[in-house]
Amino acid sequence: MGAASPHPPAWLVLDAGPEPEPAGVPVAAAAARTRAGLYEVLAAALPLPTWFGRNWDALADVLADRLDAGPLTLVVRDAADLLADEPPAQLGTLLDVLGGVAAGGHRSLRVVLRDRPDRLPALRARITTALGGRVGAPPPDAG
């Protein structure tokens, strides 16, 4: 297998366009600088069931269940703030969870990371670091 692509996977879009915000469920990254904040923001925005366990496995389960009802686009505003107060590995875990849901027969998941153009290079670098350089690489069990 070759080197990882510098581009995000198909389900993940980085957006700084001047056009109107894409249609989807807005997620305020400024309130999701920590895992606890992320879980609260997602629980309110989607809304997630009351039994949502507020951990990565539970997030994967509820997102997969939500996708059974139809496509989902999450539009993360001020995306550079997403999990910014957590160690970089936590952003990687979130992206792994989202990628697993997208690849698990739920190709109707789309995540738009939206921010100002001057903040996108740092966000792209955070994503690349968080995934250990695997941005755009297929999952290890693909094949």
Working note: Val75 + Val27, criterion side chain to side chain contact (heavy atoms under 4.5 Å, CB included); need CA distance, chi angles, decisive distance, verdict. CA-CA 6 Å; Val75 180; Val27 176; over 6 Å; no
Val97 with Val112, same ILVMFWY side-chain cluster at under 4.5 Å: no
Closer than 3.5 angstrom, by distance alone: can the side chain of Glu86 be matched with the main-chain N or O of Leu91 as a donor-acceptor pair? no
I'd like to check Val76 versus Arg114 (side-chain heavy atoms, cut-off strictly below 4.5 Å). Are they in contact? no
Can you tell me how far CZ of Arg124 sits from CZ of Arg119, rounded to the nearest 0.5 angstrom? 15.5 Å
Over all atoms of both residues, closest heavy-atom pair of Ala58 and Phe52: C-CE1, 3.7 Å
Rounded distance [0.5 Å steps], OG1 in Thr73 versus CG in Leu109: 7.5 Å
Show every donor-acceptor pair shorter than 3.5 Å between a side-chain atom in residues 38-51 and any protein atom, with sequence neighbours excluded, or say none if there are none.
| from | atom 1 | to | atom 2 | distance (Å) |
| --- | --- | --- | --- | --- |
| Tyr39 | OH | Trp56 | N | 3.4 |
| Glu40 | OE2 | Arg54 | NE | 2.6 |

Flag the pair Arg77 / Pro26 as yes when at least one side-chain heavy-atom distance between them is below 4.5 Å, and no otherwise. yes
Nearest-0.5 Å distance that lies between atom CG in Leu113 and atom CG in Leu82: 7.0 Å
For the CG atom of Leu123 and the CG atom of Asp118, what is their distance to the nearest 0.5 Å? 11.5 Å
salt_bridge(Asp78, Arg33) N-O dist < 4.0 Å: no
Shortest non-hydrogen contact between Pro88 and Ala130, atoms and distance: O-CB, 3.3 Å
Which heavy atom of Ala79 sits nearest a heavy atom of Asp115, and at what distance? N-OD2, 3.1 Å
Would you say Val101 and Val13 are hydrophobically clustered, going by side-chain heavy atoms of ILVMFWY under 4.5 Å? no
Of all heavy-atom pairs between Ala84 and Ala80, which one has the smallest distance, and what is that distance? CB-O, 4.0 Å
Rounding to 0.5 Å, atoms CG (Leu59) and CG (Leu98) come to a distance of 6.5 Å
Side-chain touch Leu72/Leu74, heavy atoms, less than 4.5 angstrom: yes
Less than 4.5 Å apart, any side-chain heavy atom of Leu14 and any of Ile127? yes
List for me each residue that meets side-chain contact (heavy atoms from CB on, under 4.5 Å) alongside Asp61, sequence neighbours excluded, and say none if there are none. none
